[in-house]
Structure formats: structure tokens, C-alpha cells
Amino acid sequence: MTSVQVDKQRDGNEAAGKAPEEGYQRGLGNRQIQMIAIGGAIGTGLFLGAGKAISKAGPSIILAYAIVGLVIFFIMRALGELLMYRPVSGSFSEYGREFLGPFIGFVTGWTYWLFWVVTGITEVTAAATYVHYWNHDIPQWVSSLIFTVALFGINLISVKIFGELEFWFSMVKVTAIIGMILIGLGVIMLGFSNAGDTASFTLLWSDGGFFPKGIGGTLMTLQIVMFAFLAVELVGVTAGEATNPKKVLPKAINTVPWRIGLFYVGALIIILSVVSWKVFEPGTSPFVRAFQEIGLPAGAGIVNFVVLTAALSSANSGMYSTGRMLRDLALNGQGPKLFTRLSKNGLPTWGTGISVGMMLVGVWINYQWPGDAFNYVVSFATISGMWAWIVILLSQLRYRHKADRGLLPQSEFRAPGSPYTSGFALAFIGMVIVMMGIDPDARISLYAAPIWALILGVSYLVIKRRDAALLAAGAPAGAGKPGEADEPEDKKD
């Protein structure tokens, strides 16, 4: 739905206590939204990427996750303020279009789409890597292909099936992390297992200190840590399909602090107290390695299954998000009209299908460079995801300025401490981008970003030249109703 369409509907919908309708089926309930929000913060960035971060920073990585977690909370509260002002599936792309201009909305929508395509490649790559724990004979590209096709099939059924799958994916991750924390505490406090004699909270500072690689080493891990939190904003994309967004979304957003505190800070404190940080290495899940050191091979296998689930969960979310983002772009005249169509089940199958086709590039990457595939795409995913956060923060600041002047209605869920918290988050993201420029491993994303910006700039000028009025106002009302894709073209005319 376009900004113009939403504005026309807003008064009637608010009076009725409803969110704007966009043609989607509101099939995501409170239980599913809550677990999608929780699961969005638990993925490959924690289960796999943390191994590289620990090897670079040692125990101080705990502090890095805590600080970045605080910044993420500021971002999510800024997004929450916007969502309560206008809950739509286009989310930050819509807000960028409204408060920062149509070009920013165009860039944000396509960049976030690319982010999830790249992230999908990252996650199926990680999932294929986890399969090697059980069988090294299965080629990495074969596993990637199987996972991609299977998840695509799931996304073609209904949004309820997607939500239910994400609920159970997230339940597995949450249960596993809580279980790992309890087992780790048992090793530390009761001294059982192979690691029982050496496990102690003193390992956090006694084995080379809390900053064994110096503060500089900790700073250089910030882009890895930021990647771990990418996808927490996905809860905003679900706004168009949530049964009661103005009740459900604030609850989901307010769970961010304890999610980060338990699943990231708490879990890392435990595993780094069970075994020395020197044991962990890039490319290996620190959770799997911790169980191997404890001497529980069955536990390591279970954890490997959990991290496989986490990767597939994130890839599944990516497929969900890409179709919705492409449809929002098309409804606003910023993408092919084909993407406005919905299936009879209210699903943007054309957008999702094209996105999955792009994700299949990941299969080729895994075939060509199976050892480096994960590292190749992580950095670019990070810079793309952070662009969405920047737009969220800038849009919220612009919205708050207008709302305080009485030009727009106040949100029911104001971000605490704003504009100072939003300004701090923007400055922190800027610092991380500078760190990425210094890090040779992350610098590739900064090389690719200008190329992507040039492609978007040229594309925008072409669209603007063809139909400037459509670009400014969006598609006609009623575009993309359920079942439209199944109607013959002559009947649509």
C-alpha cells in the first residue's frame, strides 16, 4: 500500500481501531509475532559468527555485544514509534519515502531486499557448513540447493504456515540456549564433565585479561557483532499481516533488552567461563566447540542441529521479507508492476520467487568457493542491513519533529530519550562503518556499496523519466488484490 492510500484510510481505520489494509491476510498472531521477534535476534551471527569474534577480541566480546545490544534497543524503539504511527508492511521503506523523500524510500526498499537476498545466501551457506558435522561427503552446494528449494516451497503455502514454522524454529533456539546456559552453570558450579576442573568465571579475565587483544581488537569486531543483530527489525515488516499490530508489536519490541541480555550476553559469559576463549576459532560454532570440550559429543550434535535450525530460520525469514519489500516498491511505482500481484492466499509469490532465484546464486558461490562463501557475503549483508537502521533513525527523528509541531499525530509508543538516543545510535553506526573501512576482511562491502548506489541512482532516474507522477504518488488504489495473479490479463483491463 502506498503512502497516499494509507493516508486516505488512516482516519477510518484509527476510529475502528484497525491497521491499514494492504491486501494481505492477517494471519500472524501474538504468539507467532513474539517468537519471530525473539528468533530474529538469534541466528548465524551468534551461533557461527561469534567464533570469529571471540578469536579476535577474547572475553571482551561480551562487552561489545552488550553495547551493540543497547544501540539495537534504541533502533527498535525508534521503529516502534513509527509503527504505532502507521503500521504497514513496507515499514522503514515506507517511512523513508514519507519523511526523507521518494528516492530514499526507493534506495531503502531495494537495499533491504538485497540485504535479505545476501543474508539468505549467508544462512544457507552456514546451514550447509553445519551438515558437514555429520557427513563431509555431501557437497556444500548440494545442501544449499536442497535447503533453498524446501524453504521456498514453505513460503508458497500461506503466511500462517510461515508464522508457525518460525514459531517452532524460534522455540528450538530459545530452548537450546536456555539449556546450554543451565548445563554450563552446572559445569561451573558443580564441576562435572571434562571441563569441570578448570571451568570458572575467572576465565573471563585470568587467561590473558578481559581485553587480550586490546581495545582496538574489540572495536574491530563491531561489524561482526552488528551482523549478529541484523533481522531484529523484521518484526516491522510483519505489521501488514499481524492480527493486532498496535497491541502485539510494542510487546515484541519491549522484549529486546532481556532477549539480548539472556541469549547473547548471558550465553557468552557462560561458554567463555566453561572453556578458555583461546579454544574458539573462526568457522566453528563456539557452542558446538564448548560441548566438545566439555566431553559431551551427543550434546555437541544436538547443538549443531540447533544452529542448523537457526540458519534455516533466518533464511526462511529472508524469503518472507523479500516478497513483501518488492511488493511495497511496486505499489509505489518503484518496481515492476508484476510484483504487486498476490496469490489467492494473499502471498506475494512473484516477488518471493524472483528473490529465491537470486538466492540460488548462493548455490553457485558454494560450488566455486565452499571455504570462503560465508566470509564473502557477511560484510555486504552488514552494510546493507545497517542502511535500514539509519533510515529508521532518521525517519523517526523527522517524524518526531513534525509530531511535536502538531503537523502529525503523536505516536502511542514514543521512543524514550529521543532524539538523543537516536542520535547516539546514528553516531555509533557511523563509527562501525569507519571500523569496517579499516578492517581488510570487511572492506570489500565498502567497495561494493558505491557500485550498488550507482545502479540504484541510474535506475531511479530512468523510472522518474518514464513516469514521475507514478513515482511520487504510487500505484492506483486496489492494486495487488488477492488472486489477481490468477486472473487473465484481458479481464483485468
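Numbers for residues simply follow the sequence, beginning at 1.
- Panel note: side chain Thr108, backbone Ser93; no donor-acceptor pair is recorded below 3.5 Å.
- Ring planes of Trp116 and Tyr112: perpendicular class, angle over 60° (limits at 30 and 60°).
- Within a 6.0 Å sphere centred on CG of Leu461, other residues, nucleotides and ligands contribute more than 12 heavy atoms.
- At distances below 3.5 Å, not a single donor-acceptor pair connects side-chain atoms of Arg398 with backbone N or O atoms of Gly96.
- Aromatic ring centres of Tyr85 and Phe413 lie farther apart than the 6.0 Å criterion allows.
- Evaluation of the ring pair (Phe, Tyr, Trp, His ring centres under 6.0 Å) rule for Phe287 yields Phe47 as partners, not counting sequence neighbours.
- Within the 4.5 Å cutoff, no side-chain heavy atoms of Phe73 are placed close to those of Thr421.
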Run the numbers on Phe305 and Tyr130 for ring-ring contact (aromatic ring centres under 6.0 Å, His included), then give the verdict.
-> CA-CA 8 Å; Phe305 171 76; Tyr130 299 144; over 10 Å; no
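- For the residue pair Thr309/Lys173, the side-chain donor-acceptor check at 3.5 Å is not satisfied.
- The main-chain N or O of Arg86 is found under 3.5 Å from a side-chain atom of Tyr95 such that the two form a donor-acceptor pair.
- Side-chain N or O atoms of Trp110 include one that pairs as donor or acceptor with a backbone N or O of Gln334 at under 3.5 Å.
- The aromatic rings of Phe74 and Phe424 sit perpendicular, their planes meeting at an angle over 60°, well past the 30° parallel limit.
- In terms of modelled atom types and a separation under 3.5 Å, the side chain of Thr175 and the main chain of Val172 share no donor-acceptor contact.
- Checked by atom type and distance alone, the side chain of Ser170 never pairs as donor or acceptor with a backbone atom of Phe167 at under 3.5 Å.
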Verdict with reasoning, Met359 to Val124, per side-chain contact (heavy atoms from CB on, under 4.5 Å) = CA-CA 9 Å; Met359 289 180 188; Val124 295; over 6 Å; no
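- Partners of Arg414 according to the salt bridge (charged side-chain N to carboxylate O under 4.0 Å, His left out) rule, which considers only residues two or more places apart in sequence or in another chain, are Asp404.
- Proximity of a side-chain donor or acceptor of Ser60 to a complementary backbone N or O of Ala57 within less than 3.5 Å is detected.
- Defined by atom type and a distance below 3.5 Å, a donor-acceptor pair is missing between the side-chain atoms of Ser418 and Glu81.
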Just do the side-chain contact (heavy atoms from CB on, under 4.5 Å) check on Phe152 and Phe147 with the steps written out, would you?
-> CA-CA 9 Å; Phe152 179 47; Phe147 291 142; over 6 Å; no
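- Although no hydrogens or angles enter the test, the distance criterion places no donor-acceptor pair under 3.5 Å between the side chain of Arg327 and the main chain of Pro348.
- Judged purely by atom type and a 3.5 angstrom limit, Arg324 uses its side chain to pair as donor or acceptor with the backbone of Tyr320.
- Side-chain atoms of Gln223 never come within 3.5 Å of backbone atoms of Met436 as a donor-acceptor pair (strictly under, hydrogens ignored).
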